[in-house]
*Asks:* 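Below is one structure. I have some questions about it.
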Amino acid sequence: MKAEYRKGCRQRDSVEREGDAGARSIEAREGKERDGAEGLMERILNRENLNRAYKQVKRNHGAPGIDGMTVEAASPWLRENRDGLLQSIREGHYKPSPVRCKEIPKPDGSGTRKLGIPTVVDRVIQQAIAQQLQPLFEPLFSEGSYGYRPGRSAQQAIRKVKTYAEQDYGHAVEIDLSKYFDTLNHELLLNLLRKRIPDKRVIDLIKKYLKSGVMENGVRRATEEGSPQGGPLSPLLANIYLNEFDQEMESRGVTVIRYADDIVVLAKSRRAAERLLESSRTYLEQKLKLHMNTQKSKVVSIVAQKHFKFLGFALGKNGKGVYIRVHRQSLAKAKKKLKELTSRSQGRKARQVMENVKVYIRGWIGYFYVADMKRILQGWNEWLRRRMRMYIWKQWKKPRTKVQNLQKLGIPEWQAYQWGNTRLGYWRIAGSAVLNRSVTNARLAQAGYYDFPAQYERLRQLHSNG
DNA sequence: GGGGCTTAGAC
RNA sequence: UUUGUCUAAGCCCC
């Protein structure tokens, strides 16, 4: 019970003091060798850089940290206290605030995840650091790494897996790291940073952020593992850390596709995959001190139905070859959302409903367009039109209104009267010929119904050549 | 090429 | 209420 209470909030707690004695000797040694190069700190604290950092934090509209300061309030505060803040950072006695602990439910409903929310000011500083570190580390990263990286997307990652699958890599090791962000080893990470960052003051600042602790019921608790899931710097640090795995595998000639902590190791045979699962596990646990979830990490056939899932996609195989599909879970989630959007929401106009559906599907297709789903979208199109007809029919409510509206839309009087007074179910009516001839596709389109299969084709065309 | 806003998705 | 990075689409501005 007590141990459970102690389980950290995105960062592991330290049961004892905030010990960092182990670091000191290494640090002192490194510091001496690297006192020549300075300037990174200056670039971080540069006016333009800080300004860009603040804008980024502001446009996220994120919630306040432990001090309750909002992004709006931070602007005048920073203007007022900028010089003092920058001076204390430069002189090395700035002390970041602990992160605010917040538990939020996972999107799929399975359990909760813990966030560590830094104060707005700390988010600005971390962002400023990240902006300068990113270009320094980008060139070091592996070709197979796609998460949190500029110019790289999940679509590129799944396409890469597809390419390998076509080249005889039929098996995948799916590696699931439990609580990856929470279990990064500080000393290991700092040593990786020291190799590339000559400015000791920057290292010390990052170290302070790693050790800044979490606030829980008014009590600060130190952190000796992990990086706060919520800090702007954390994604980059996560990549720097797992880059060691990428590089090690690359040197062994092993193909790895990685998106953040979602790792896929490819193999040409099941036996090779089994061996790679074991060797990956050894490296991740012994060398990187991470915890592999042995239940969820497994070897699967890439093209077997339902087995391989990566970034919301799956791969399939037919006579023509390997193809990308939307994973059934993602399809189910989207269908559920569409149902919700088109169900009798209190008094929304049909136009508004169609606008909401449009916005949702536009974004959804913008992500999943790399998957082959022409038929699925055509099916959804039929279904959604019928849902909209049902929605409109329900809004007419009274038999009198139904008769009048049907007539207005070109249905002969006798038939309008018959259908206006029918006792058939809504779904039946929505699919009837009478409703198809009155609330026509053209009229739906005119009212703002979104032709998303066309958008899908357009996007595919756009990205297939150029 | 840059900037603003909104939405969607991955982690 | 719920943090962060990245990507995409749509609209708008230079």
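Quick note on labels: first sequence line is chain A, next is B, and so on, each numbered from 1.
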*Asks:* Contact list please: residues 294-309 of chain A against RNA chain C, heavy atoms, distance less than 4.0 Å, in numerical order.
*Replies:*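 Result for residues 294-309 of chain A: none.
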
*Asks:* Between A/K160 (side chain) and A/G144 (backbone), is there a donor-acceptor pair under 3.5 Å?
*Replies:*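 Judged by distance alone, no pair lies under 3.5 Å.
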
*Asks:* Looking across every strand, which nucleic acid part, if any, lies under 4.0 Å from A/R458 by heavy atom: base, sugar-phosphate, or nothing?
*Replies:*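 Since only primed, P, OP1 and OP2 atoms lie under 4.0 Å of A/R458, the category is sugar-phosphate.
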
*Asks:* Given atom OH of A/Y369 and atom P of B/dA10, what is their separation to the nearest angstrom?
*Replies:*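 Spelled out: OH on A/Y369 to P on B/dA10 is 15 Å.
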
*Asks:* Regarding A/Q56, tell me which of base, sugar-phosphate or nothing describes its non-hydrogen contacts under 4.0 Å with the strands shown.
*Replies:*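 Sugar-phosphate contact only.
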
*Asks:* With heavy atoms under 4.0 Å as the rule, sort A/L311 into base, sugar-phosphate or nothing.
*Replies:*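 Touches sugar-phosphate only.
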
*Asks:* Salt bridge (charged side-chain N to carboxylate O under 4.0 Å, His left out) for A/K287 and A/E244? Distances and angles first, verdict last.
*Replies:* CA-CA 9 Å; A/K287 288 287 202 313; A/E244 293 304 296; over 6 Å; no

*Asks:* Is A/R59 near enough to B/dG4 that one of its side-chain N or O atoms lies under 4.0 angstrom from OP1 or OP2?
*Replies:*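 For A/R59, the contact criterion (side-chain N or O under 4.0 Å from OP1 or OP2 of B/dG4) is met.
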
*Asks:* Kindly indicate, with the supporting measurements, whether the criterion salt bridge (charged side-chain N to carboxylate O under 4.0 Å, His left out) is fulfilled by A/R258 and A/D246.
*Replies:* CA-CA 8 Å; A/R258 184 171 69 79; A/D246 299 338; 3.0 Å; yes

*Asks:* Looking only at side-chain N and O atoms, does A/N239 come under 4.0 Å of OP1 or OP2 in C/U5?
*Replies:*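 No, A/N239 has no side-chain N/O under 4.0 Å of OP1/OP2 on C/U5.
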
*Asks:* Both conditions, 6.0 Å and 45 degrees, for the charged tip of A/K335 above the ring of A/W383: are they met here?
*Replies:*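 Yes, a cation-pi geometry.
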
*Asks:* Quick one: is A/H61 getting a side-chain N or O under 4.0 Å of the C/U3 phosphate, OP1 or OP2?
*Replies:*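 No, no such contact exists.
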
*Asks:* With a 3.5 Å limit on both atom pairs, tell me what C/U3 is paired to, counting Watson-Crick and G-U wobble, or say none.
*Replies:*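 In the structure as shown, C/U3 has no Watson-Crick or wobble partner.
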
*Asks:* What integer distance in Å separates A/I129:CD1 from C/U5:P?
*Replies:*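 In whole Å, C/U5 P lies 13 Å from A/I129 CD1.
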
*Asks:* Send over the distance from A/L331 CG to B/dG9 C1', rounded to a whole Å.
*Replies:*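 It works out to 14 Å between those atoms.
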
*Asks:* Give a yes/no answer on whether the side chain of A/Y259 brings an N or O atom under 4.0 Å of OP1 or OP2 in C/U7.
*Replies:*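 No, A/Y259 has no side-chain N/O under 4.0 Å of OP1/OP2 on C/U7.
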
*Asks:* So does A/R113 get a side-chain nitrogen or oxygen closer than 4.0 Å to the phosphate oxygens (OP1/OP2) of C/U3?
*Replies:*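 Negative; the distance criterion is not met.
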
*Asks:* I'd like to know if the side chain of A/R152 and the backbone of A/Y148 have a donor-acceptor N/O pair within less than 3.5 Å.
*Replies:*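 Not at all, since once roles are kept as given, no pair shorter than 3.5 Å links the two residues.
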
*Asks:* Starting the side chain at C-beta, find the nucleotide from C/U1, C/G10, B/dC11 nearest to A/D261.
*Replies:*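 Among C/U1, C/G10, B/dC11, the one nearest the side chain of A/D261 is B/dC11.
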
*Asks:* So which nucleotide from C/U5, B/dA10, C/G10 ends up closest to the side chain of A/P235?
*Replies:*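 Out of C/U5, B/dA10, C/G10, the nucleotide with an atom closest to A/P235's side chain is C/U5.
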
*Asks:* Under 4.0 Å between a side-chain nitrogen and a carboxylate oxygen: does that hold for A/K200 and A/D204?
*Replies:*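 A/D204 and A/K200: salt-bridged.
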
*Asks:* Looking at C/C11, which nucleotide sits across from it as a Watson-Crick or G-U wobble partner, both distances under 3.5 angstrom, or is there none?
*Replies:*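 With both distances under 3.5 Å, C/C11 matches B/dG4.
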
*Asks:* Expressed in angstrom and rounded to an integer, what is the separation of A/L338 atom CG from B/dA8 atom C1'?
*Replies:*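 Value for this atom pair: 12 Å.
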
*Asks:* With a cut-off of less than 4.0 Å, is there a side-chain N or O of A/Q134 near OP1 or OP2 of C/C6?
*Replies:*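 Answer yes for this pair, as a side-chain N or O of A/Q134 is under 4.0 Å from OP1 or OP2.
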
*Asks:* Distance check: side-chain N/O of A/R100 vs OP1/OP2 of C/U3, anything under 4.0 Å?
*Replies:*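 For A/R100, the contact criterion (side-chain N or O under 4.0 Å from OP1 or OP2 of C/U3) is not met.
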
*Asks:* Rounded to whole angstrom, note down the C1' distance from C/U3 over to B/dG4.
*Replies:*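 Nearest-Å result for C/U3 against B/dG4 at atom C1': 23 Å.
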
*Asks:* Tell me yes or no: between the side chains of A/R194 and A/N191, is some donor less than 3.5 Å from an acceptor?
*Replies:*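 Yes - a donor-acceptor pair under 3.5 Å links their side chains.
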
*Asks:* Closest nucleotide of RNA chain C for A/P150 versus for A/P232: which of these residues is on the 5' side?
*Replies:*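 Nearest-nucleotide comparison on RNA chain C picks A/P232.
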
*Asks:* Find the distance A/L459:CG to B/dG9:C1' and express it as a whole number of Å.
*Replies:*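 Between C1' of B/dG9 and CG of A/L459: 13 Å.
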
*Asks:* Tell me if the NZ atom of A/K394 is crowded by more than 12 foreign heavy atoms within 6.0 Å.
*Replies:*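 Enclosed: over 12 neighbouring heavy atoms sit under 6.0 Å from NZ of A/K394.
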
*Asks:* When only distance counts, do a donor and an acceptor, one from the side chain of A/Y367 and one from the base of B/dA8, lie under 3.5 Å apart?
*Replies:*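 By the distance-only test, no, there is no pair.
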
*Asks:* Using the side-chain heavy atoms of A/D262, tell me which of these nucleotides is nearest: B/dC11, C/U2, C/U5.
*Replies:*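 It is B/dC11.
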
*Asks:* Heavy atoms from C-beta onward define the side chain here; which of B/dG9, B/dT6, C/G10 lies closest to that of A/W364?
*Replies:*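 Nucleotide nearest to A/W364's side chain: B/dG9.
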
